[in-house]
Structures are given as structure tokens and as C-alpha cells.
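Inspection log for the structure reproduced underneath, given as C-alpha cells.
Quantities reported herein were computed from a predicted structural model and do not represent experimental measurements.
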Amino acid sequence: QTKLEQSGGGSVQAGGSLNISCTVLGSFFGSECMGWFRQAPGKEREGVAARYDGGGDTWYADSVKGRFVISRDRRDTVVLQMFNLAPEDTAMYYCAADSTYSACLSTRPLALIGYNNWGQGTQVTVSS
């Protein structure tokens, strides 16, 4: 059984940087397709970044492209580095894994469909 445990995040002023980590506990099977999602109050959850180790691919939402980086820090940890943060980046951030790789092999790797294992969520707050 695989569990995703998140750490990091917090509060920062606009223009600052934060990292959030997602550690895979248990079996690594199915952790090659990983994504980061966020949900702001009153808004739907949206994908911000994803990576597929099998193909070496990464994807980013237009709103974070050039400011966020998704990387694998260790075999068991995926990190979302966030630079030049803005107040509109304030949200609860979730990591997720797709054990069937269907999301990463689809044309919409940032869509929620396919991700079947979720972290507990980490708050990121950016003040102006």
C-alpha cells in the first residue's frame, strides 16, 4: 500500500519562494506518474505540474510555467519548487500519484482524472 506524505509550504510575501515535498511511503510501484494540484477557496481543484519518470516528461499549467519546477529529489520524494510567488498562488496544494500511468500517457496529464492516490494537502499563502 502506498501513502503520499506532504511537507513544506507555509506563508511568504509576493515574489518569494517556497518548496513543497511529497514523499512516497510504502511501495514505489505506481509513483512514476506524479502531479501537483491546488485548490483555492471557492474554486475547483486544478493541476499545476506533473511529471512522468517513464518518459522523462514534465508538464505545467500556463499560470505557473516558468515559475514552478517539479522534480524528483530522491527515489521516494517529488518536490514542487515555487518561485516568484503571487497572491493568486494562494491555495491548498496536493500531490497525487497515478498508479496506472493513464494520466501521464493521456493528452491531459494535468487533469484530475487518473490520479488515484492523494497526499493530505499543504497550505501555501502568499501575501501582497
Residue pair Leu18 / Val124, side-chain heavy-atom distance below 4.5 Å: yes

From CA spacing to verdict: side-chain contact (heavy atoms from CB on, under 4.5 Å), Leu112, Arg45: CA-CA 8 Å; Leu112 274 68; Arg45 192 171 298 189; 4.0 Å; yes

Transitive ILVMFWY side-chain link Tyr60 to Val79, under 4.5 Å: no

Audit row: Trp36, Val78, side-chain contact (heavy atoms from CB on, under 4.5 Å) steps and yes/no: CA-CA 9 Å; Trp36 283 100; Val78 174; 3.8 Å; yes

Expected output: side-chain Asn116 to main-chain Ser99 donor-acceptor under 3.5 Å: yes

hydrophobic_cluster_shared for Trp59 and Leu105, side chain cutoff 4.5 Å: yes

Heavy atoms from other residues, nucleotides or ligands near CD of Gln123 exceed 12 (cutoff 6.0 Å): yes

Reference residue Arg38; test side chain to side chain donor-acceptor pair (under 3.5 Å); the match among Thr90, Asp89, Thr122: Asp89

Nearest non-hydrogen partners of Ala61 and Gly47, listed with the distance: CB-O, 3.5 Å

Joint hydrophobic cluster, Tyr115 plus Leu4, side-chain heavy atoms closer than 4.5 Å: no

Separation between OG of Ser17 and CD of Gln81, rounded to the nearest 0.5 Å: 9.0 Å

Short side-chain to backbone donor-acceptor contact, Glu32 and Tyr52, under 3.5 Å: no

Taking every non-hydrogen atom, the tightest pair across Ala40 and Ala91: N-CB, 3.8 Å

Val69, Thr58, Asp57 screened by side-chain contact (heavy atoms from CB on, under 4.5 Å) with Arg51, the one that passes: Thr58

Phe37/Tyr93 aromatic ring centres below 6.0 Å: no

Heavy-atom closest pair, residues Val24 and Ser31: CG2-CB, 4.0 Å

Taking every non-hydrogen atom, the tightest pair across Ser21 and Thr77: CB-CG2, 4.1 Å

Sidechain N-carboxylate O distance under 4.0 Å for Arg72, Asp53: yes

Spatial distance of atom CD (Gln120) from atom CD (Gln6) [nearest 0.5 Å]: 4.5 Å

Sidechain-backbone polar pair: Arg108 side chain, Cys104 backbone, donor-acceptor under 3.5 Å: no

Considering all heavy atoms, the nearest Pro87-Ser127 contact: CG-C, 4.4 Å

Straight-line distance of Asn19 CG to Met82 CE, nearest 0.5 Å: 7.0 Å

Flag for Asp98-Thr100: side-chain donor and acceptor within less than 3.5 Å: yes

Which atom of Ala86 lies closest to which atom of Arg67, heavy atoms considered: N-NH1, 4.0 Å

Value rounded to 0.5 Å, distance of CG in Leu85 from CZ in Phe83: 9.5 Å

Cys33 SG to Asn117 CG distance, which is reported to the nearest 0.5 Å: 11.5 Å

same_hphob_cluster(Val12, Val64) at 4.5 Å side-chain heavy-atom cutoff: yes

Trp118 and Tyr94 aromatic ring geometry - parallel, tilted or perpendicular at 30°/60° bounds: perpendicular

Asp73 backbone acceptor or donor facing Ser71 side chain under 3.5 Å: no

